[in-house]
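Just below is one structure, and these are the notes that go with it.
Order of listing sets the numbers, starting from 1, for every ligand and every atom in it. Both backbone and side-chain heavy atoms feed into the values below; hydrogens, waters and symmetry mates do not.
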Amino acid sequence: MRLNAAFALLALAGTSPLIAGDATPSTASVATATQLRDQALVSNRAYELTASLTTDVGQRMAGSEADRRAVQWAKAKFEALGYDRVILQPVSYPRWVRRHESVAITAPYNMPMQLTALGRSHGTDGDLNAEVVRFEDIEALKAAADGSLAGKIAFIDKRMPRSQSGHGYGETVAGRSTGAAVAASKGAAALLIRSIGTDNNRLAHTGGMWQRPETPTVPAAALSIPDADQLARLLAKGPVSVRLNLDVGFDGEFESANVIGEITGREKPDEYVVIGGHLDSWDLGTGAIDDASGIGITMAAGALMAALPERPRRSIRVVAFANEEQGVYGGRAFAEANDAGKAIIGAESDLGADRIYALRSSMGDQPDATIKAMADLMAPLGIPYDDSEGHAGADISGLVNRGMPFVALEQDATRYFDYHHTANDTLDKVDAEALDQQVAAYAIFAWLAADGDSDFGRSRAAAATGKQP
Ligand SMILES: [Zn+2]
């Protein structure tokens, strides 16, 4: 219906530049996408890949020896799965290491607490004994007078709410990502945060700090949620002191790689659809839901297409991104090294292992015929089109910032933040059937996007602004 309306408008205007950009997928293309979907639902391959990455490689913290083994694992898997080309794109970053971490309450009584250092934190240079000052959230810490925290430890006590979309993460993560820089500006000796998570286990949630290297910070760590509760209750009654010891820090430069498996297009091989996840993980668990499952899902989707007798018209690049956790190094390097103008559309799997519940796109409430065809094929998977725009993932955001359209295959994040960045991120949290549903969705998306003509709104946007697409 929308296409007919567009034709009518264009006929009136006497121009036709938008037709190609909104092209309807061919019957053959839809038939192939349907076949891929049905194969995905009985495949189990994403689970096998996730199990292999978390078992054969284990934790894969960026800069560790396991980082190199993960790159070789991804290369070998892409080759074994029949991808047309496997490319290693070098990516460099500072190596950060975690050697020892501990904290204990020392007054009004002695009690050990559970914590984990935040990625890219400095160490404490031995024991740091100091009084703790509580802040409701990072805004309250920002409002403290400069120098008012001299010799003290700032404690950001903001609780993350649970939700299907995981939006609570965005509301609380600033305390982790920038809190140490704010604490330093107030003269504090260190920062503690309530873990950004939704569980009640005595397992702390790590995660990266996002400040620039030249920005002054203080040593920073996250307390497990029950320990943050205990500390907050004690602080409500009077002064509390702790002994903090973090032996962590930077240790030289490290070279890793984005591992790219390509299904090479039969007509326009330079144009590509990008899907993927990140190959690195934190070091506390095995990174099963963050993000071995995203690697397994997208690698398995590409493998279904690698097994077809014919290639799609444009290429599909499945990317195992390097070091997302400590600064999106792989995503940024990919966007710089690959022509974003040839990146037709992208989607990234990095919000756990649970089912997709909605399809969103950068076309928002004006999806074109190809997005609608994707939604039609995804409907039996329980994935309706939602015309709110959604968000692109971190690793494809560099391409999106350069104009690439995107799709968001929204995963149910209700329980994701119970395990995210903790020692509890292990394979037992992953359900094979939920992965198959996601493989089906990624296969439908990647095939219809690569085999068709749509530019997913680029020429519409260009027509609206008067610029070349
Ligand atoms: Zn992740």
- Task: May I ask you to check whether Asp290 brings an N, O or S atom to under 2.8 Å from the Zn ion (ligand 1)?
- Result: yes

- Item | Minimal non-hydrogen separation, Leu81 against Ala306, with atom names | O-CB, 3.6 Å

- Can you name the N/O/S atom of Asp350 that is nearest the Zn ion (ligand 1)? OD1

- Message: Between the side chains of Asp84 and Arg311, is the shortest nitrogen-to-carboxylate-oxygen separation below 4.0 Å, so that they form an ion pair?
- Response: yes

- Does atom CD of Glu255 have more than 12 heavy-atom neighbours from other groups under 6.0 Å away? yes

- Message: At a threshold of 2.8 Å, where the distance has to be below it, does the Zn ion (ligand 1) have an N, O or S atom of Glu324 nearby?
- Response: no

- Taking the Zn ion (ligand 1) as the reference point, name the nearest N/O/S atom of His278. NE2

Report, one line per pair, each donor and acceptor closer than 3.5 Å where one atom sits in a side chain of residues 70-80; sequence neighbours left out.
unit_1, atom_1, unit_2, atom_2, d
Trp73, NE1, Ser52, OG, 2.9
Lys75, NZ, Glu79, OE2, 3.2

